[in-house]
Amino acid sequence: MSRGGEEEEGGRGEGRSRNTQVPVKLLRAHSDDVTGARLCFDDRFLLSCSSDHRAILWDLESCRPLKVFDELHSNTITECSQIPNTNRMVTVSWDKMMVSTDLETGQTLWRSKQAGLLSSCSSSSDGRLLVCASDPQNCVSISEASSGRTLHLLTNHHRSTITRCRFDPRSQRVVTVSADRCIKLWDLLAQKTTVSIDSHHGNVVSNCCFTSSGYFLCTASWDKSLKLWDLQTGGFRSQGGITLQRGHEGIVSSCCFSPDGDSLYPCCTLNVNDKPCCWFRNNNTGAHIACCEWVGSGLHQGHGQTLHPNPHTSALTLL
């Protein structure tokens, strides 16, 4: 695939990147910017969402849409996610609605109106809970996945827009990051914020992700860097986060640990200067090990497959 999203020879959305000769598949069906994408069902399928107000379930073998959900929202869908252990997905949008949909039948199961424009959503690993963040109220809502009923509403949780909200792998805490450059962990049992960190990032904290154990958290920022936070030992309290930098030339918009991140601590990131990078962390040090050509601005990595929603295009790239 070329820089403008044009396919190399290979047809049917298949080809190789110009510089690295990595095989790629190009998935086309959205008519506006792709805002998010998640591999699901053992990485055999893909969920994507877009500014075209649609969500799409893709078959990765054929690179064709299996189902198009075009009546869920009336504005940009900002994030989508399969709810674990179910055939359901959750979507959130600038129309202030969080919607649960049956991926098999296409039936809307419930709709929940929130306080403001929704910027992010996530499901707990056991599939019981959902979390979403709204703007400009800077609040977080934790709901039942089965009904959409709000269980906890955290108002004014941050001083500025919440850019990402995620459950930890044990479904015990919710982490949020924000344009206010702070990281907060809210404990579901204690029902309060138990960890609040001034990240000392030099700009908006755009994204975050956990290792599979939940012991480490990675944050990505518009300051062109990432930071690793040791939540297990609490070392961040005295030493701060471990900074990974000099790998990107532009803002970092996404980060994701590979499934074996607990042993090797690798993290793949993408930025808007069109260069994705791979990092390897070992013995509390960060080393930049790879920098490839342009592939997109978002990432969800599964077992051997990496997906990139392309910035300012309606296509997705699968490596």
Side-chain angles (χ1 to χ4, degrees), residues 38-43 79 81-86 120-131 133 140 142 145 163-177 182-197 199 201 205-221 225-244 252 254-270 277-289 298-307:
R38 296 284 189 92
L39 295 168
C40 58
F41 299 115
D42 298 321
D43 297 347
E79 194 162 16
S81 179
Q82 180 210 359
I83 300 175
N85 308 315
T86 73
S120 180
C121 68
S122 179
S123 174
S124 61
S125 59
D126 57 15
R128 294 188 305 107
L129 300 174
L130 300 173
V131 62
V140 173
I142 300 170
T163 53
R164 196 66 68 208
C165 55
R166 291 287 184 262
F167 285 95
D168 75 349
R170 298 181 181 180
S171 305
Q172 296 176 344
R173 296 185 289 185
V174 171
V175 64
T176 52
V177 294
C182 287
I183 305 163
K184 291 192 175 185
L185 285 96
W186 195 84
D187 191 283
L188 288 162
L189 183 60
Q191 296 188 19
K192 65 179 182 180
T193 299
T194 54
V195 176
S196 184
I197 305 171
S199 70
H201 274 295
V205 183
S206 56
N207 216 319
C208 61
C209 60
F210 284 100
T211 55
S212 59
S213 66
Y215 293 162
F216 289 87
L217 177 74
C218 178
T219 54
S221 172
S225 75
L226 299 102
K227 289 190 178 185
L228 290 171
W229 305 89
D230 184 350
L231 301 179
Q232 181 185 22
T233 66
F236 66 89
R237 299 182 188 278
S238 59
Q239 302 173 13
I242 300 167
T243 302
L244 308 180
V252 186
S254 184
C255 57
C256 182
F257 282 101
S258 66
D260 63 350
D262 283 337
S263 58
L264 298 176
Y265 308 115
C267 182
C268 293
T269 64
L270 292 165
C277 297
C278 292
W279 296 85
F280 177 82
R281 194 188 80 85
N282 193 13
N283 296 328
N284 296 325
T285 62
H288 173 211
I289 61 170
L299 173 75
H300 176 81
Q301 179 171 320
H303 298 86
Q305 299 188 93
T306 306
L307 177 74

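Computed from a prediction, not measured in an experiment: that's the story for all the values here. Heavy atoms only: backbone and side chains are in, while hydrogens, waters and symmetry mates are out.
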### Message
So Val175 and Phe167, do their side chains get closer than 4.5 Å, heavy atoms only?
### Response
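Side-chain contact under 4.5 Å: no.
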By side-chain contact (heavy atoms from CB on, under 4.5 Å), which residues pair with [X], not counting sequence neighbours?
X: Thr176; value: Val140, His157, His158, Ile162, Cys165, Val174, Lys184
X: Ser125; value: Ser171
X: Thr219; value: Val177, Ile183, His201, Val205, Cys208, Leu217, Lys227, Trp229
X: Gln239; value: none

How would you list, by chain and number, every residue that makes a side-chain hydrogen bond (donor to acceptor under 3.5 Å, both in side chains) with [X], sequence neighbours excluded?
X: Ser81; value: Arg38
X: Ser206; value: none
X: Thr233; value: Asp230
X: Asn85; value: none

Could you tell me the separation between the [atom1] atom of [X] and the [atom2] atom of [Y], rounded to the nearest 0.5 Å?
X: Leu185; Y: Lys192; atom1: CG; atom2: NZ; value: 13.5 Å
X: Arg166; Y: Phe210; atom1: CZ; atom2: CZ; value: 10.5 Å
X: Leu129; Y: Leu188; atom1: CG; atom2: CG; value: 6.5 Å

### Query
Stepwise, does the side-chain contact (heavy atoms from CB on, under 4.5 Å) test hold for Asp168 with Leu231?
CA-CA 11 Å; Asp168 75 349; Leu231 301 179; over 6 Å; no
### Message
With a 3.5 Å distance limit and no angle check, can you tell me whether Glu79 reaches the backbone of Cys121 through a side-chain donor-acceptor pair?
### Response
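Between the backbone of Cys121 and the side chain of Glu79 there is a qualifying donor-acceptor contact (under 3.5 Å).
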### Query
Checking Ser123 side chain against Ile83 main chain: does a donor-acceptor pair fall under 3.5 Å?
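A pair under 3.5 Å: no.
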### Message
Restricting to non-hydrogen atoms, name the atom on Ala145 and the atom on Gly127 that form the minimum distance, rounded to 0.1 Å.
### Response
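Minimum heavy-atom contact is CB-O, 3.3 Å.
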### Message
Applying side-chain contact (heavy atoms from CB on, under 4.5 Å) to Gln82 and Phe41, what does each step give before you reach the verdict?
### Response
CA-CA 8 Å; Gln82 180 210 359; Phe41 299 115; 3.2 Å; yes
### Query
Can you list the steps and then say if Phe236 with Val195 is a side-chain contact (heavy atoms from CB on, under 4.5 Å)?
CA-CA 11 Å; Phe236 66 89; Val195 176; 3.8 Å; yes
### Query
Could you go step by step and tell me if Cys218 and Phe257 meet the side-chain contact (heavy atoms from CB on, under 4.5 Å) rule?
CA-CA 8 Å; Cys218 178; Phe257 282 101; 3.6 Å; yes
### Task
Please list, chain by chain and in numerical order, all residues satisfying salt bridge (charged side-chain N to carboxylate O under 4.0 Å, His left out) with Asp126, sequence neighbours excluded.
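Result, salt bridge (charged side-chain N to carboxylate O under 4.0 Å, His left out) vs Asp126: Arg128.
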### Residues that Arg170 engages under salt bridge (charged side-chain N to carboxylate O under 4.0 Å, His left out), provided they are two or more places apart
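With neighbours one apart ignored, the set is empty.
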